[in-house]
Amino acid sequence: MTEIRLHNSKTRRKEVFVPLDPGNVRMYVCGPTVYDRAHLGNARPAVVFDVLFRLLRHVYGAGHVTYVRNITDVDDKINARAAESGRSIGDITEETTGWYLEDMAALGVMEPTHMPRATGYIAQMIAMIAGLIESGHAYEAEGHVLFAVESYAAYGALSGRSVDDMIAGARVEVAPYKRNPMDFVMWKPSPEGLPGWDSPWGRGRPGWHIECSAMAADLLGDSFDIHGGGNDLMFPHHENEIAQSACAHPGVEMAQVWMHNEMLMVEGKKMSKSLGNFFTVRDLLEQGVPGEVIRFVLLSTHYGKPMDWTEAKREEATATLKRWYAILHRHGFTARLVETLRQGGQWQADAEFAGVLANDLNAPGAIARLHVLSKGHTAPALAGFAHGLDMLGLVADWDRLGEMAGIAAAEQVVPDWVGPLVEDLLARRQAARAGRDWAEADRLRDLLNAAGVNVTDVGGGASWSPGERFDPAVLEALR
RNA sequence: GGCGGGUUGGCGGAGAGGUUACGCAGCGGAUUGCAAAUCCGUGUAGACCGGUUCGAUUCCGGUACCCGCCUCCA
């Protein structure tokens, strides 16, 4: 069995992964707050932990992994969005959740086993909060319920901070009702017009952190294997989750392994609206950047390092994927062939590929291995390559490889009349070549190139494909 | 100020205490009427200063610079 090693933020070391229960490997990843389109940075953890999900399924069996990624649908940003747009909160969260799932699906992200909505777990949150009050880890003050950080000695262990240092930093909001400035809200009052639920402390809504503690416990148990998210969540979000869960479930650790992906930059700078380099996944898709290309770029830097999105990387990823899809297409890969290979026992992971990927999710290393594997000369020899590509989630559709490679056109892009016209021009060029009239042959090819049609001589004939700058309007004049 | 991460060849980007990362670009070659595509081959590294070691880009210490978090944020 492939040995998985993961960098554990909690111990700051790479450790051999040993699941609590190999029959049910459990992972929780912090999902989106649904108030707007997912930006590119949001996509990184979704893709990274999707690869981990796929790897775990590969190693432990598809039916033996439970992956939970929550939807935060109660939050002040959502309330603000509703207030400014005049729309209902439910409309906004429902629409945004749909967008998120669409966009992630376009990036080849599989649906997690469970996608709990915070609003569906209010009762569990209230129960957990009540328990924490009872055990002396939380207190009620002016309609709020706060977690008392001083009641949990290990507070700050994950992010390497001490309560004293943080207070010294003195950038915390000091509310008069807090016993300690670092105490954080688990429940707060909701005025009329804002989402609220009845609770022992009056009508209110949960703080941000409690939802993850409650939902993880409900769906994965008091102790589970992996908890993931962006490293900006390490403090305070994950620290607070740990505090709540540890105190609610004494004696067990919430998660065995904590994983954090590094942040994303754009052209060397932090993505921000003011710099004008802020964009959403949808923006890229609408510009015609295929989801697999975005995914490939996201995976070509190790998740633990800051990653820079650049135009150059986008172009290189596009070229690489096209080449790879063309190789598979040329060797007849289709869903049917994959199934045949599977039945013949030839649909196997390349051991080195799997080993590299299992080494703390080294996707860039795995991609490097794919370059080597791509040099196979027969379909069976390429099975490991195809399998690896699939494990990275880079094959959207085995039956559309030609199209994905840019060899065969997507029908909707190329008008019906183009085919016969191009074929006719190629036939005339073929005749010219046969007559050794190179000037005429080159003139015809230049004509096609000008319309963005790539001409490739193959043996005695020639094939064509619409290129990136394909423009039917130029051909229109030739009809 | 506190905590954490980084610095690899023209560019991107990995692993490993000693043996080719890999890709792109470049260069040379094969193929081609010429292109394109494809294939083969190939050069260039490890911020700086010390230490440990037979041997360090890889471990340890220090310096410089960069970045993130400490406030909603993936």
Side-chain angles (χ1 to χ4, degrees), chain A residues 7 9 12 29-33 35-36 38-49 69 72 75-77 80 156-162 164-173 182 208 228-237 239 260-265 268-272 296-308 310 312-313 315-317 319-320 322-324 326-327 330 352 355-356 359-360 362-375 377 407 432-434 436-439 441-442 445-446 449 454-459 462-465 467:
Chain A
H7 179 86
S9 305
R12 301 193 178 92
V29 172
C30 291
T33 299
Y35 69 103
D36 204 352
H39 64 246
L40 195 57
N42 292 307
R44 174 123 98 141
V47 167
V48 161
F49 291 107
R69 189 187 62 206
T72 299
D75 180 274
D76 288 349
K77 286 192 292 290
L158 177 71
S159 55
R161 298 147 205 263
S162 75
D164 290 346
D165 286 346
M166 288 186 279
I167 292 170
R171 282 219 256 173
V172 285
E173 176 201 357
M182 294 310 298
W208 175 32
N231 78 346
D232 53 339
L233 297 183
M234 201 147 133
F235 186 90
H237 185 54
E239 201 73 74
H260 293 93
N261 61 277
E262 253 291 353
M263 297 292 100
L264 177 131
M265 330 248 292
K269 290 174 185 162
K270 182 173 175 166
M271 186 162 75
S272 77
F296 187 95
V297 173
L298 291 175
L299 291 177
S300 60
T301 296
H302 189 263
Y303 77 87
K305 287 193 173 179
M307 108 132 252
D308 196 12
T310 65
K313 282 184 183 172
E315 284 169 11
E316 194 175 324
T320 300
K322 278 192 175 179
R323 193 168 354 108
W324 284 357
I327 288 168
R330 203 184 305 139
E352 187 172 329
V356 169
N359 181 11
D360 197 25
N362 181 6
I367 287 172
R369 179 62 185 163
L370 288 185
H371 280 292
V372 175
L373 293 172
S374 74
K375 312 233 182 277
H377 292 297
I407 293 168
R433 292 178 75 202
R436 305 186 71 79
D437 182 355
W438 309 126
D442 289 348
R445 185 177 59 203
D446 291 345
N449 286 347
N454 297 323
V455 175
T456 307
D457 290 337
V458 182
S463 73
W464 66 283
S465 62

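A quick note: this is a predicted structure, and the numbers were derived from the prediction, not measured. Numbers restart at 1 for each chain; the letters A, B, ... are given by sequence-line order, proteins then strands.
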Take the protein atom [atom1] of [X] and the nucleotide atom [atom2] of [N], then report the distance between them rounded to whole Å.
| X | N | atom1 | atom2 | result |
| --- | --- | --- | --- | --- |
| A:N231 | B:rC70 | CG | C1' | 12 Å |
| A:R433 | B:rA36 | CZ | P | 14 Å |
| A:K313 | B:rG12 | NZ | P | 8 Å |
| A:Y303 | B:rG68 | OH | P | 20 Å |
| A:N362 | B:rG12 | CG | P | 18 Å |
| A:M265 | B:rG6 | CE | P | 15 Å |
| A:H302 | B:rG12 | NE2 | P | 19 Å |
| A:N261 | B:rA74 | CG | P | 11 Å |

If we only count heavy atoms from C-beta on, is the [X] to [Y] side-chain gap below 4.5 Å?
| X | Y | value |
| --- | --- | --- |
| A:H302 | A:D360 | yes |
| A:T301 | A:E262 | no |
| A:M263 | A:R44 | no |
| A:L264 | A:L298 | yes |
| A:P32 | A:N42 | no |

With a non-hydrogen cut-off below 4.0 angstrom, is A:H260 in contact with a base, only sugar-phosphate, or nothing? nothing

Assign A:D308 to base, sugar-phosphate, or nothing according to its heavy-atom contacts below 4.0 angstrom with the strands shown. nothing

How would RNA chain B look in dot-bracket form, 5' to 3', counting Watson-Crick and G-U wobble pairs with both distances under 3.5 Å and writing | for bases paired to another strand? (((((((..(((.....[...))).(((((.......)))))....(((((..]....))))))))))))....

On a whole-Å scale, what distance lies between the [atom1] atoms belonging to [N] and [M]?
| N | M | atom1 | value |
| --- | --- | --- | --- |
| B:rG26 | B:rA64 | P | 40 Å |
| B:rC22 | B:rC59 | C1' | 25 Å |
| B:rA35 | B:rA16 | P | 45 Å |
| B:rU57 | B:rG46 | C1' | 4 Å |
| B:rC60 | B:rG5 | P | 11 Å |
| B:rA45 | B:rA14 | C1' | 13 Å |
| B:rC72 | B:rG17 | P | 41 Å |
| B:rC24 | B:rG43 | C1' | 15 Å |

Can you check whether A:T320's main-chain N or O pairs, donor with acceptor, with A:H371's side chain at less than 3.5 Å? no

Flag, side chain of A:E239 to backbone of A:L158, donor-acceptor distance under 3.5 Å: yes

Could you check which of B:rC34, B:rC72, B:rG33 has an atom nearest any side-chain atom of A:R445? B:rC34

Measuring from the side chain of A:P45 (C-beta onward, heavy atoms only), which nucleotide among B:rC73, B:rC34, B:rA74 has the closest atom? B:rA74

Below 3.5 Å is the cut-off: list the nitrogen or oxygen pairs between protein and nucleotides 3-5 of chain B, distance only.
{"residue": "B:rC3", "atom": "O2'", "partner": "A:S159", "partner atom": "O", "Å": "2.7"}

Please list each protein N or O that sits under 3.5 Å from an N or O in nucleotides 18-23 of chain B, with the distance.
{"residue": "B:rG23", "atom": "O2'", "partner": "A:E316", "partner atom": "OE2", "Å": "3.3"}

Pairwise distance [atom1]([X]) to [atom2]([Y]) - rounded to 0.5 angstrom:
| X | Y | atom1 | atom2 | answer |
| --- | --- | --- | --- | --- |
| A:K313 | A:S300 | NZ | OG | 5.5 Å |
| A:H260 | A:M234 | NE2 | CE | 5.5 Å |
| A:L299 | A:N362 | CG | CG | 11.0 Å |
| A:K322 | A:W324 | NZ | CH2 | 15.5 Å |

Answer yes or no: side-chain N or O of A:N359 and base N or O of B:rG15 forming a donor-acceptor pair under 3.5 Å. no

Within 45 degrees of the axis of the six-membered ring of A:F235 and under 6.0 Å from its centre: does A:R161 put its NZ or CZ there? yes

Can you name the closest pair of heavy atoms from A:A317 and A:V297 and give their distance? CB-CG2, 3.6 Å

Pick the closest RNA chain B nucleotide for A:V356 and for A:K77 by heavy atoms, then say which residue is nearer the 5' end. A:V356

